[in-house]
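Note that the coordinates shown come from a computational prediction; the quantities given were computed from them, not determined experimentally. Worth knowing before you read on, the calculation uses all heavy atoms, side chains too, and leaves out hydrogens, waters and symmetry mates.
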Amino acid sequence: MSVRVLMISTSYPANLEDWKGLFIRHLADALARRKELRLHLWAPPGEVHPDVVPFASDGEASFLSELMQAGGIAHLLRIGGLRAVTAPLRLLGGLRAAYRRAGDVDLYHVNWLQNALPLPDDGKPLLVSVLGSDLQLLSKPMMKSLLRRIFRHHRTVICPNADWMVAPLMQAFGDIARVRFVPFGIDPMWYAITRDEIQPVAPARWLAVTRLTSAKLGPLLDWGGRLFRDGVRELHLFGPMQETIDLPAWVHYHGPASPAVLCRDWFPSARGLITLSRHAEGRPQVMLEAMAAGLPIVASRLAAHEGIVFHDETGWLCNSLEETEAGLRRFEDPRENCRAGRAARAWVSAEIGTWDDCAVRYARLYRQIAGVAGAYD
């Protein structure tokens with residue numbers, strides 16, 4: 001017996017060259033490859049696996065496409081203005097209409113907590129994938145109460161993609177829902193990168209792949225004048241400019257780059273990935289991809305980073321300019337770079353795996369909450 005799933009996502013890439021919401025594309029593809037599932041997808045328009053059933057109406061797809069081009073709901077709320085009010089209302093209306101049309105599906109798989117708010121009280125099983133920004137939502141007035149009301153009317157499992165989020169979610173919803181950590185997967189192309197015999201490139205190239213906001217960059221630009229100077233090392237920065245940020249002349253800024261370009265042209269010759277983010281991260285996918293590629297990570301001490309970067313094993317954790325510089329120096333030694341890179345890849349392979357491994361984890365939960373196989377325990 002197949003399980004019919006309606007997956008909801010407000011982010012989706014146009015194609016595999018598009019960085020926006022690419023993880024949803026990989027997840028949907030992996031779920032569609034499972035013969036016991038029938039996946040319906042309500043998301044912005046883009047290329048889909050042939051076994052995925054698009055679910056958004058033309059009007060909904062058009063609105064979701066506009067929302068993606070505007071940077072998404074979170075970005076609109078950040079910058080304010082009229083669209084910060086109208087876009088969420090239109091989104092809730094579109095979601096409500098989609099849920100009303102979903103009479104034939106067996107369960108809902110909703111990405112991001114806020115997308116569960118318009119769910120009807122129809123008792124259908126519910127799986128909610130929770131990302132890092134979702135926890136900020138819970139601090140909004142009435143939000144926790146509204147979500148609790150929704151979850152009470154469904155057999156609900158809440159699936160954060162980072163283990164550090166389990167505790168706060170259990171505190172908020174553990175009495176009415178299951179909370180299960182489900183890590184996302186990684187595209188096999190990252191594992192295929194060969195870096196075992198690193199040929200040092202001068203100056204040393206360090207990569208930062210991030211949306212350009214002050215919180216995501218953290219102190220990188222302030223400290224970088226000392227770290228990236230005198231031709232010793234270079235910072236190559238990739239990602240969309242989402243705030244007005246003046247970049248110093250020593251920054252090599254490339255704008256957004258597709259995963260294929262990063263995989264082919266940049267990751268093999270880089271010394272590592274650096275992130276000094278102070279943003280409320282979940283489990284940054286780009287860090288996991290870099291680790292799968294065998295790159296050491298130099299990262300700020302955040303809960304999201306400390307769960308995947310193990311100090312002086314798979315990378316380097318830092319809170320100061322001096323600690324950051326020490327980490328860069330450590331992994332500019334080819335032997336130390338290879339050692340940490342191999343450890344990073346081994347950990348990711350064992351703990352995360354591929355998107356097909358992720359689909360297995362979700363499919364098991366689908367069967368349990370839909371009552372197809374296994375107990376709901």
Full working for salt bridge (charged side-chain N to carboxylate O under 4.0 Å, His left out) between Arg330 and Glu325: CA-CA 9 Å; Arg330 170 77 79 179; Glu325 188 168 24; over 6 Å; no

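- Using a 4.0 Å cut-off between charged nitrogen and carboxylate oxygen, Asp356 and Arg33 count as a salt-bridge pair.
- Relative ring orientation between Phe238 and His254 is described as parallel, the plane-to-plane angle staying below 30° on a 0-90° scale split at 30° and 60°.
- At a cut-off of 3.5 Å, with distance as the only test, a side-chain donor of His109 or Tyr366 sits close to an acceptor on the other residue.
- Under a 3.5 Å cut-off, the side chain of Asn337 and the backbone N or O of Phe331 do form a donor-acceptor pair.
- When all heavy atoms of Asn161 and Arg283 are compared, the pair lying nearest together is O-CD, 3.0 Å.
- The environment of CD in Glu306 is crowded: more than 12 heavy-atom neighbours from other residues, nucleotides or ligands sit within 6.0 Å.
- For the pair Thr156 and Phe151, the tightest heavy-atom approach, listed with the atom from each and the gap, is OG1-O, 3.4 Å.
- Note that the CG atom of Asp333 and the CG atom of Leu328 stand 13.5 Å from one another [nearest 0.5 Å].
- Heavy-atom minimum distance, Pro203 versus Gly231: CB-O, 3.0 Å.
- In terms of modelled atom types and a separation under 3.5 Å, the side chain of Ser65 and the main chain of Ala61 share no donor-acceptor contact.
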Derivation and outcome, salt bridge (charged side-chain N to carboxylate O under 4.0 Å, His left out), residues Lys124 and Asp106: CA-CA 7 Å; Lys124 286 188 179 179; Asp106 297 309; over 6 Å; no

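- Annotation: the span from Leu237 atom CG to His252 atom NE2 amounts to 11.0 Å, rounded to 0.5 Å.
- Rounding to the nearest 0.5 Å places CG of Leu131 at 12.0 Å from CG of Leu137.
- With contacts defined as side-chain heavy-atom distances shorter than 4.5 Å, the pair Cys318/Leu276 qualifies.
- A donor and an acceptor atom, one from each side chain of Asn115 and Tyr108, are nowhere located under 3.5 Å apart.
- Salt bridge Arg100/Asp122: absent, no basic N to carboxylate O contact under 4.0 Å.
- Within a 6.0 Å sphere centred on CG of Asp104, heavy atoms belonging to other residues, nucleotides or ligands number 12 at most.
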Criterion salt bridge (charged side-chain N to carboxylate O under 4.0 Å, His left out) on Asp18 and Arg25, from CA distance to verdict: CA-CA 10 Å; Asp18 187 358; Arg25 163 73 188 272; over 6 Å; no

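- Counted within 6.0 Å of CZ on Arg329, heavy atoms from surrounding residues, nucleotides or ligands total 12 or fewer; the atom is thus considered open.
- Arg278 places a side-chain heavy atom less than 4.5 Å from the side chain of Pro219.
- Between Glu332 and Trp206, the closest side-chain pair of non-hydrogen atoms falls below 4.5 Å.
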Leu135 vs Trp164, side chain to side chain contact (heavy atoms under 4.5 Å, CB included): CA-CA, chis, key distance, verdict: CA-CA 11 Å; Leu135 294 192; Trp164 68 268; 3.6 Å; yes

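- Ionic pairing of Arg148 and Asp175 is present here: one or more N-O contacts between side-chain nitrogen and carboxylate oxygen are shorter than 4.0 angstrom.
- Distance alone, capped at 3.5 Å, is enough to place a donor-acceptor pair between the Gln285 side chain and the Gly185 backbone.
- For Phe267 and Trp190, the distance between ring centers is under 6.0 angstrom.
- Residue Val130 comes nearest to Met165 through the heavy atom pair O-CE, 3.5 Å, listed as atom of the first residue, atom of the second, then distance.
- Closest heavy-atom contact between Ser129 and Asn111: CB-OD1, 3.3 Å.
- Note that the CZ atom of Arg90 and the CG atom of Leu64 stand 9.0 Å from one another [nearest 0.5 Å].
- Salt bridge annotation for Arg211-Glu243: absent, with no cationic side-chain nitrogen under 4.0 angstrom from a carboxylate oxygen.
- Using a 30° and 60° split on the angle between ring planes, Phe55 and His40 fall in the perpendicular class, above 60°.
- Under the 3.5 Å distance criterion, the side-chain polar atoms of Arg361 are matched with a main-chain donor or acceptor of Pro183.
- In this structure, Leu295 CG and Ile193 CD1 are separated by 7.0 Å, a value rounded to the nearest 0.5 Å.
- No side-chain donor-acceptor contact under 3.5 Å links Ser349 to the backbone of Trp347.
- Counting heavy atoms from C-beta outward, Leu321 and Leu227 have side chains that approach closer than 4.5 Å.
- Side-chain atoms of Glu336 and Trp316 form no donor-acceptor pair, as typed in the model, at a separation below 3.5 Å.
- With hydrogens and angles disregarded, no donor-acceptor distance shorter than 3.5 Å links the side chain of Ser62 to the backbone of Asp58.
- Residues Val105 and Val5 fail the side-chain proximity criterion, which asks for heavy atoms closer than 4.5 Å.
- Checked by atom type and distance alone, the side chain of His305 never pairs as donor or acceptor with a backbone atom of Thr275 at under 3.5 Å.
- Between the Tyr253 side chain and the Pro248 main chain, no donor and acceptor come within less than 3.5 Å of each other.
- When side chains are defined from C-beta on, Trp112 counts as touching Ser11, because their heavy atoms get closer than 4.5 Å.
- When all heavy atoms of His154 and Pro120 are compared, the pair lying nearest together is NE2-O, 2.9 Å.
- Proximity of Lys144 to Arg149: side-chain heavy atoms (C-beta onward) are nowhere separated by under 4.5 Å.
- Remark: the backbone N or O of Thr354 is paired with a side-chain donor or acceptor of Asp357 at under 3.5 angstrom.
- Side-chain atoms of Ser300 come within 3.5 Å of backbone atoms of Ser277 as a donor-acceptor pair (strictly under, hydrogens ignored).
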Stepwise side chain to side chain contact (heavy atoms under 4.5 Å, CB included) check, Trp42 with Leu95: CA-CA 9 Å; Trp42 190 89; Leu95 285 166; 3.4 Å; yes

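- The closest side-chain donor-acceptor pair between Glu313 and His311, if any, does not fall under 3.5 angstrom.
- No cation-pi contact links Arg345 to Tyr191, judged by a cut-off of 6.0 Å to the six-membered ring centre and 45° from its axis.
- No side-chain heavy atom of Val179 sits less than 4.5 Å from a side-chain heavy atom of Val157.
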